[in-house]
Trainee: 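If you scroll down you'll find the structure; I have some questions about it.
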Amino acid sequence: MISQSRLGRSIALIPLVTLKLTYLLAFCGEAWAEWEIPNNLAEKVATMNESQRDFLESGTALEFLPERQLVHELTTRENESLLQFINEVMALAAQMGYDPQRDMGAMPLNLTTKSYRELVPTPAPLRESKREPGPFSVHRYVFPESGVSTFAGANVAIWPEDLIAGKVDVAIIGVPHDMSSGRRGAKRAPDEMRALNTMATPDIFSLVDPMKVLSVVDYGNFATDSLSTELSIDHVSAMVAETVETGAVPMMVGGDTSMLYPGVKGIAQVKGSGTFGLLHFSAHPDVERFVVQTISDDQALFRLLQENIVKGSDTIQVGMRGPAVNETTLQWLRDQKVRYHTMAEIQLQGFEKVLQRVRSEVERGPDAFFVSVDVSVIEPTEMVAAGRVAPNGLRVQQVAQAIRHVCAAKQIVGFEITDMAPVLDFSRLSIVNANTLVNACLVGMAIRKAGLKPDYVHPLVADHGQR
C-alpha cells in the first residue's frame with residue numbers, strides 16, 4: 001500500500017518530470033542557427049571532413065562551448081590536435097543528444113522506494129580536501145560573535161574523520177524536517193538557534209564552562225525529504241549511527257518531533273536496542289495508534305516502543321497535557337510500563353516533589369539515557385513558537401534544571417530538541433529559551449566529565465562571604 005505522503009510526492013513530481021522531458025525533446029529536435037565561420041578560419045575548417053564541418057557550420061558546437069572558446073581552439077590548435085578536439089566535442093554531443101533507439105521517451109516514477117537519492121553525502125573517494133582531518137574554525141574574528149554562525153560558536157566538522165581526529169564529545173546537528181501535525185516552520189529552528197548564540201553560556205551554579213570542558217562541534221544539517229517523513233527516516237538514522245560510531249554524542253536540533261524516531265533508532269543501531277533509557281519532555285504522549293499515517297510527530301514514541309528500540313520500563317515522560325492525554329492513552333502507557341508525569345500530577349504535588357521522583361526513576365534506570373525535549377512542554381508565555389502549543393506548561397527554568405541534573409548524573413547517548421517554529425515569535429524569546437535547554441544538557445555533560453557531583457554548587461556563587 002502506498003502511503004499518502006509518498007503518493008503525494010510522486011504526483012507532485014509529474015509536472016517537473018514532464019517539463020524536463022519536454023525541454024529535452026525540444027532541445028534535441030531543434031535545428032540550431034547556422035554559424036558563420038570567420039574568414040581567417042575558413043581555410044582550417046575546409047580541411048575537415050563533411051561531418052566535422054557540418055557540426056561547426058550548423059551551430060551545434062556552440063551548445064557545448066562558448067563561441068569565444070571555439071574561435072580560440074580553431075585559431076591556436078594545430079590540425080591534428082584540432083581534429084581530435086572537434087571529434088571529442090562531437091562524441092560528447094552524441095551522448096548528450098536524444099536517441100530514440102537508446103533513450104527512454106518517458107521517465108517512470110518509482111512508487112515503491114523506501115529511501116530518497118537527493119543530497120546524498122559525497123562518497124569518500126570524491127573528497128579531495130587537502131586539509132588535515134579535524135574540526136576547523138569558520139569565524140573571521142577572534143570571538144565568534146561575528147562571521148559564520150555556528151551552534152554555540154563552535155568549530156565546524158564535516159566528515160566522521162573530523163569527529164575522530166578532534167576527539168569530539170558532542171556533535172550538534174540540525175535536522176530541519178517540517179512535517180509537523182501542528183503549526184509549520186520548525187525547519188527554520190537550526191539556523192535561528194545558530195544565529196542567536198546563547199547556547200554556550202557558562203553554568204551559574206557550578207561556574208563550569210561547557211565549551212572549555214567538552215569538545216563541541218557544529219556538524220551541519222542532515223538532509224531530509226521535504227515532502228515525506230517516511231523517506232527521511234532511513235537517511236537520518238544512518239547519519240546518526242555514523243556519528244555515534246565516531247564516539248561523539250549527537251545533539252540534534254529539529255525540526256519536528258517525527259525525527260525523534262530515526263534519531264533514537266540510529267543510536268540503537270550502534271548501542272543496541274533496549275540498552276539505554278528515554279527521558280521525554282513533551283506536552284504530547286506521541287503514541288497515536290489509530291490514524292492512517294505510518295510515522296509523524298504523533299507516532300514517534302509509539303514506534304520506538306512497538307519496535308522495542310527502547311523499553312517502556314526505561315521510558316519517562318514529563319509535562320503531558322492536552323487532548324491527546326486521555327484515559328485510553330494513559331492506560332496504554334501503563335500497560336507498556338512507561339513512567340509518565342502529567343501536568344495534573346505536577347500541579348497537585350508540586351514541581352519539586354515530582355522532579356525528585358523523576359530523578360529517582362532516572363537513577364534506577366539504565367546507565368545511559370537519550371534526552372528528548374519537545375518545546376511544547378514549556379508554558380506558551382515562554383515558548384510562543386511551539387509548533388504544537390499547549391497551555392499550562394512547565395517553566396523554562398524547571399525543565400532546564402531537570403535536564404542539567406540528568407545529563408550530569410547519567411551517560412548521555414543522544415539529545416534532541418524539537419518543534420520550535422521561530423517565525424511564530426518575533427521577540428526571539430523562544431529561540432533564547434530553546435538554546436537554554438540545549439545549554440542545560442551541555443552543562444550537565446561537562447559537569448560529569450569534570451568529575452563533579454550532579455548538583456555541585458561552587459561556593460563563590462552561593463554566598464558573597466561578607467560579614
Side-chain angles (χ1 to χ4, degrees), residues 10 12-110 113 115-134 136-138 140 148 156-162 165 220-221 223 225-226 235:
S10 303
L13 282 174
I14 290 174
L16 179 61
V17 173
T18 304
L19 177 63
K20 287 185 175 180
L21 184 58
T22 302
Y23 175 79
L24 177 63
L25 293 173
F27 167 85
C28 298
E30 181 177 347
W32 301 102
E34 292 184 359
W35 184 51
E36 185 175 346
I37 308 296
N39 292 334
N40 63 320
L41 298 176
E43 186 175 340
K44 257 189 178 180
V45 174
T47 63
M48 300 179 183
N49 62 39
E50 185 178 353
S51 61
Q52 292 168 333
R53 290 197 306 272
D54 182 65
F55 181 68
L56 293 175
E57 293 171 351
S58 67
T60 306
L62 297 179
E63 178 60 25
F64 300 93
L65 67 167
E67 182 177 8
R68 182 177 179 181
Q69 182 182 352
L70 178 58
V71 170
H72 173 77
E73 301 294 345
L74 290 170
T75 304
T76 59
R77 287 180 181 267
E78 297 296 333
N79 283 347
E80 184 177 348
S81 173
L82 177 60
L83 295 178
Q84 181 180 351
F85 173 76
I86 295 298
N87 285 336
E88 289 174 351
V89 179
M90 291 175 65
L92 173 65
Q95 290 297 317
M96 293 289 288
Y98 175 70
D99 182 351
Q101 301 299 319
R102 178 193 65 195
D103 303 319
M104 294 184 298
M107 183 184 300
L109 295 177
N110 187 346
T113 182
S115 63
Y116 70 102
R117 301 300 178 194
E118 301 154 357
L119 301 174
V120 295
T122 306
L126 299 182
R127 302 177 197 167
E128 298 181 354
S129 173
K130 296 179 181 180
R131 66 178 178 84
E132 291 293 324
F136 56 93
S137 174
V138 293
R140 180 175 292 113
V148 178
V156 168
I158 303 296
W159 306 114
E161 49 264 38
D162 293 327
N221 288 357
D225 190 308
S226 60
H235 176 67

Trainee: What's the separation between atom CZ in Arg53 and atom OG1 in Thr47, rounded to the nearest 0.5 Å?
Mentor: 9.0 Å
Trainee: Do Asp162 side-chain atoms and Ala157 backbone N/O form a donor-acceptor pair below 3.5 Å?
Mentor: no
Trainee: If you measure from CD on Glu36 to CG on Asn39, what distance do you get to the nearest 0.5 Å?
Mentor: 7.5 Å
Trainee: Side-chain contact, heavy-atom cut-off 4.5 Å: Phe136 with Arg131?
Mentor: yes
Trainee: Can you name the closest pair of heavy atoms from Pro133 and Ala165 and give their distance?
Mentor: O-CB, 3.4 Å
Trainee: Under a 4.5 Å cut-off applied to non-hydrogen side-chain atoms, are Met90 and Ser51 in contact?
Mentor: yes
Trainee: Provide the closest heavy-atom pair for Leu62 versus Trp35 in the form atom of the first, atom of the second, distance.
Mentor: CD1-CD1, 3.8 Å
Trainee: Evaluate the side-chain proximity of Val89 to Phe55: yes if any heavy-atom separation is below 4.5 Å, no if none is.
Mentor: yes
Trainee: Can you tell me how far apart CD (Gln84) and CZ (Arg77) are? Round to the nearest 0.5 Å.
Mentor: 8.0 Å
Trainee: Side-chain contact test, heavy atoms from C-beta onward, threshold under 4.5 Å: evaluate it for Leu74 versus Ile37 and give yes or no.
Mentor: no
Trainee: For Glu50, is the CD atom crowded, meaning more than 12 foreign heavy atoms sit under 6.0 Å from it?
Mentor: no
Trainee: State the CG-CG distance between Leu41 and Leu70, to the nearest 0.5 angstrom.
Mentor: 8.5 Å
Trainee: Glu67: which residues meet the salt bridge (charged side-chain N to carboxylate O under 4.0 Å, His left out) condition with it, sequence neighbours left out?
Mentor: none
Trainee: When rounded to the nearest 0.5 angstrom, what is the spacing between CD in Glu34 and OG1 in Thr60?
Mentor: 10.0 Å
Trainee: Side chain of Lys44, backbone of Glu78: donor and acceptor closer than 3.5 Å?
Mentor: no
Trainee: Return the set of residues passing side-chain contact (heavy atoms from CB on, under 4.5 Å) with Leu83 (not counting sequence neighbours), or none when no residue passes.
Mentor: Met48, Gln52
Trainee: Between Thr75 (side chain) and Val71 (backbone), is there a donor-acceptor pair under 3.5 Å?
Mentor: yes
Trainee: Report the distance from atom CG of Leu82 to atom OG1 of Thr76, rounding to the nearest 0.5 Å.
Mentor: 8.5 Å
